[in-house]
Amino acid sequence: PINYYNTVQCIINNLRSMCIIHGDIKHTNICINNTGYISLIDFERSQIVEPQQAEKYYKEVDMYKEKHVWYLIVSKNPWSMLYMF
């Protein structure tokens, strides 16, 4: 993928600013096109929430301080997108 970290960060920032919780982040809902750009699909389970709730949900996880990085790999934490490819 091209600019993978920046793209994930952009997706998360857009969701946060719109106060949308996706609710179904998993590998089958992350697409990559032929040119290497990724996108998030399937907003069926998404919901609009209060700004504070969106801020808390999308809070960036410090990968170096996180003791349970495996949790991000198997969880629906939005930052788990970094480990899906």
Side-chain angles (χ1 to χ4, degrees):
I2 296 175
N3 296 325
Y4 193 55
Y5 181 83
N6 291 337
T7 303
V8 169
Q9 190 174 39
C10 182
I11 290 169
I12 290 173
N13 286 338
N14 287 334
L15 291 169
R16 180 190 300 134
S17 67
M18 297 303 295
C19 298
I20 297 172
I21 290 183
H22 185 273
D24 197 20
I25 294 176
K26 59 186 178 183
H27 69 283
T28 56
N29 290 337
I30 307 292
C31 295
I32 184 167
N33 67 15
N34 293 338
T35 57
Y37 290 98
I38 64 166
S39 57
L40 180 63
I41 62 168
D42 191 8
F43 284 80
E44 215 169 86
R45 295 185 184 176
S46 65
Q47 56 183 312
I48 298 173
V49 297
E50 296 294 321
Q52 307 91 306
Q53 189 177 354
E55 195 66 38
K56 181 180 177 184
Y57 183 79
Y58 291 113
K59 182 179 178 186
E60 186 169 1
V61 176
D62 186 336
M63 303 303 171
Y64 299 105
K65 292 181 181 176
E66 179 61 45
K67 293 179 182 177
H68 305 288
V69 173
W70 61 267
Y71 171 76
L72 291 174
I73 297 168
V74 298
S75 74
K76 292 188 180 185
N77 180 295
W79 292 97
S80 66
M81 284 189 279
L82 293 173
Y83 298 98
M84 292 184 183
F85 289 100

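If you read the sequence from its start, that first residue is 1, and numbering goes on from there. Keep in mind that what you see is a predicted model, and the values were worked out from it rather than measured.
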Self-check item: Set of side chain to side chain contact (heavy atoms under 4.5 Å, CB included) partners for Ser46, sequence neighbours left out
Solution: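 For Ser46, the residues satisfying side chain to side chain contact (heavy atoms under 4.5 Å, CB included) (neighbours in sequence not counted) are Ile20, Phe43.
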
Practice problem: State which residues pass side chain to side chain contact (heavy atoms under 4.5 Å, CB included) with Asn6; sequence neighbours excluded, sorted by chain then number. | Solution: Asn3, Gln9

Self-check item: Nearest atoms (heavy-atom pairs only) where Cys19 meets Pro51
Solution: SG-CA, 3.6 Å

Self-check item: Side-chain heavy atoms of Tyr58 within contact of His22, under 4.5 Å
Solution: yes

Quiz item: Side chains of Leu15 and Ile11: does their closest heavy-atom pair fall under 4.5 Å?
Solution: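 In contact.
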
Self-check item: Asp24 side chain to Asn29 backbone, donor-acceptor under 3.5 Å
Solution: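 Not a single qualifying donor-acceptor pair exists.
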
Quiz item: When hydrophobic residues are tied together by side-chain contacts of less than 4.5 Å, even through go-betweens, does Ile38 share a cluster with Ile41?
Solution: no

Quiz item: Say you draw a straight line from CD1 of Ile12 to CD1 of Ile25; how long is it, rounded to the nearest 0.5 Å?
Solution: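 So the gap between those two atoms works out to 6.5 Å.
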
Exercise. Give, for atom OG of Ser39 and atom CD1 of Ile30, the distance between the pair rounded to the nearest 0.5 Å.
Key: 8.0 Å

Quiz item: Tell me, which pairs form a salt bridge (charged side-chain N to carboxylate O under 4.0 Å, His left out) where one or both residues lie in residues 2-22, sequence neighbours left out?
Solution: Arg16-Glu55

Quiz prompt | From Val8, Asn14, Thr7, residue fulfilling side chain to side chain contact (heavy atoms under 4.5 Å, CB included) relative to Cys10 | solution =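 Output: one option passes, namely Asn14.
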
